[in-house]
Amino acid sequence: MPHPAVPLLKNIIIRGQFDGAWRKQCLQYLKTLKTLQHGGLNTVYLGETHIPESLVTGEDFSDGCFLQMPTWFVVHAGGSQGWVPWSYRMFLRDELCNKQEEGLFQEFCDVVKKAYGKCAIVVKERRQQNEMRPKKDGQTEAQSNVPIVINLTSIVCCPEVAKSYGHELLPLPSPYNYLNPLDSAWSSLKWYIINNRKEFCLQSIDNVYSYQYILLSNLVSKGIERINLSKWKMLINKVRRWENYYLGKFS
């Protein structure tokens with residue numbers, strides 16, 4: 001009686017041509033970060049997350065009727081001392097509004113300097129197709145595409161601006177995003193929104209229509225507050241364990 005073949009591997013990992021270069025870039029990032037930390041610079045992680053309208057309202061747009069939904073972007077930063085004492089920003093992004101905010105990074109650098117002194121500001125890279133690919137073996141540093149600025153959706157992070165306040169801007173290689181504790185913080189924020197959006201919802205009914213109002217700003221603020229100093233220390237410790245692992249593996 002024939003038996004169906006049982007696959008030995010359920011998941012096949014396909015390695016790309018840039019894997020070795022990515023590892024070198026990750027190692028260089030970790031060594032630079034440790035050097036800055038030993039030099040007395042505090043580490044803060046700056047980033048953004050997107051909150052689509054469907055996440056806030058709980059509506060299902062999977063039928064494809066709404067191809068373009070408004071999306072809010074939250075920009076904030078944190079580190080081993082919790083959230084940076086800076087007024088986080090929330091921007092609406094849709095087909096009519098997609099510009100980056102000027103002067104926001106300079107304001108952030110000023111606040112961080114007053115709060116912590118000189119810092120290593122870690123920002124996750126946003127890589128575009130055919131841009132800023134890692135350096136291959138045999139290429140010189142000048143031949144590799146080193147990013148001059150790090151463009152997020154709502155903010156432009158410039159190394160010269162950071163240096164003018166005594167900071168160092170450090171891009172986190174995109175394949176190793178989990179070395180950034182902000183990713184876990186954003187995940188916690190979104191789960192809070194999903195589980196508590198009904199508590200921040202007001203409804204109004206007239207003779208013809210029913211209306212639903214969601215206090216989004218209050219909802220996001222409360223979700224951010226729930227990620228307290230204890231939670232941040234746990235996230236930082238998790239990242240440090242990964243850093244030590246990669247330092248030992250790639251060195």
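All heavy atoms count here, side chains included; hydrogens, waters and symmetry mates do not. Note that the coordinates shown come from a computational prediction; the quantities given were computed from them, not determined experimentally.
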* For Gln25 and Pro173, indicate whether the former's side chain and the latter's backbone hold a donor-acceptor pair under 3.5 Å. => no
* Asked: In Å and rounded to the nearest 0.5 Å, what is the CG to CH2 distance from Leu182 to Trp232?
  -> 4.0 Å
* Are Tyr178 and Trp191 in one and the same hydrophobic cluster, where Ile, Leu, Val, Met, Phe, Trp and Tyr link if side-chain heavy atoms are under 4.5 Å apart? -> yes
* Asked: Taking side chain as C-beta onward, heavy atoms only, is Lys31 less than 4.5 Å from Lys34?
  -> no
* Taking the side chain as every heavy atom from C-beta outward, state whether Ile194 and Leu55 have any atom pair closer than 4.5 Å. => yes
* Asked: Rounded to the nearest 0.5 Å, how far apart are CG of Asn42 and NZ of Lys118?
  -> 12.0 Å
* Tyr116 and Pro85, any side-chain heavy atoms less than 4.5 Å apart -> yes
* Asked: Is the side chain of Ser187 donor-acceptor paired with the backbone N or O of Asp183 at a distance under 3.5 Å, no angle test?
  -> no
* Indicate yes or no for a side-chain donor-acceptor contact from Trp83 to the backbone of Ile227 under 3.5 Å, with no hydrogens or angles considered. => yes
* Asked: How about Val112 and Tyr165: do any of their side-chain heavy atoms sit closer than 4.5 Å?
  -> no
* Asked: Just checking, is any N or O donor in the side chain of Glu160 or Ser164 under 3.5 Å from an acceptor N or O on the other one?
  -> no
* Asked: Between Thr49 and Lys190, do the side chains contain an N or O donor and an N or O acceptor separated by less than 3.5 Å?
  -> yes
* Applying side-chain contact (heavy atoms from CB on, under 4.5 Å), run through Phe200 and Ile193 and close with a yes or a no. => CA-CA 9 Å; Phe200 294 82; Ile193 292 174; over 6 Å; no
* **Separation between CG of Leu169 and CD1 of Ile150, rounded to the nearest 0.5 Å** => 4.0 Å
* Asked: Below 4.5 Å, heavy atoms only, C-beta onward: do Ser184 and Val239 meet side chain to side chain?
  -> no
* **Mutual orientation of the aromatic rings belonging to Tyr245 and Trp242 [parallel < 30°, tilted 30-60°, perpendicular > 60°]** => perpendicular
* How far apart are the closest heavy atoms of Arg197 and Val56, and which atoms are they? -> CD-O, 3.3 Å
* **Check against side-chain contact (heavy atoms from CB on, under 4.5 Å), Leu179 and Val122** => CA-CA 10 Å; Leu179 294 179; Val122 178; over 6 Å; no
* Distance, nearest 0.5 Å, that separates CG of Leu235 from OG of Ser230 -> 9.5 Å
* **Residue pair Tyr29 / Pro171: nearest heavy atoms and the distance that separates them** => CD1-O, 3.5 Å
* **CA sep, side-chain torsions, deciding dist, call: Ile155, Phe73, side-chain contact (heavy atoms from CB on, under 4.5 Å)** => CA-CA 10 Å; Ile155 182 174; Phe73 279 82; over 6 Å; no
* Any side-chain heavy atom of Arg23 sitting closer than 4.5 Å to one from Leu27? -> no
* Enter the distance from Leu104:CG to Cys157:SG here, rounded to the nearest 0.5 Å. => 8.5 Å
* Please check if the distance between the ring centroids of Tyr176 and Tyr246 is under 6.0 Å. => yes
* Closest heavy-atom contact between Leu33 and Ala120? -> CD1-CB, 4.4 Å
* Taking all non-hydrogen atoms of both residues, which atom of Val149 and which atom of Pro159 are closest, and how far apart? -> CA-CD, 4.1 Å
* **Smallest separation among heavy atoms of Tyr88 and Ser221, with atom names** => OH-OG, 2.6 Å
* Asked: So, do Lys124 and Tyr45 sit near enough that their side-chain heavy atoms are less than 4.5 Å apart?
  -> no
* Any link between Leu92 and Met90 through a network of hydrophobic side chains (Ile, Leu, Val, Met, Phe, Trp, Tyr) touching at under 4.5 Å? -> yes
* To do: Flag yes if more than 12 heavy atoms outside Glu243 fall under 6.0 Å of its CD atom; otherwise flag no.
  => yes
* Please report the closest heavy-atom contact between Glu48 and Leu152, naming both atoms and the distance. => OE2-CB, 3.4 Å
* Asked: What about Val74 and Leu215, same hydrophobic cluster or not, with Ile/Leu/Val/Met/Phe/Trp/Tyr joined at side-chain heavy-atom distances under 4.5 Å?
  -> yes
* Spell out, as yes or no, whether a donor-acceptor pair under 3.5 Å connects the side chain of Asp110 to the backbone of Glu107. => no
* **side-chain contact (heavy atoms from CB on, under 4.5 Å) between Phe108 and Ile121, worked out** => CA-CA 10 Å; Phe108 172 78; Ile121 303 175; 4.0 Å; yes
* Asked: Is His167 reaching over with its side chain to a backbone N or O of Cys109, donor-acceptor style, under 3.5 angstrom?
  -> yes
* Structure fact -> One should read off an interatomic distance between His76 NE2 and Arg89 CZ, to the nearest 0.5 angstrom, of 10.0 Å
* To do: Side-chain contact test, heavy atoms from C-beta onward, threshold under 4.5 Å: evaluate it for Trp72 versus Glu53 and give yes or no.
  => yes
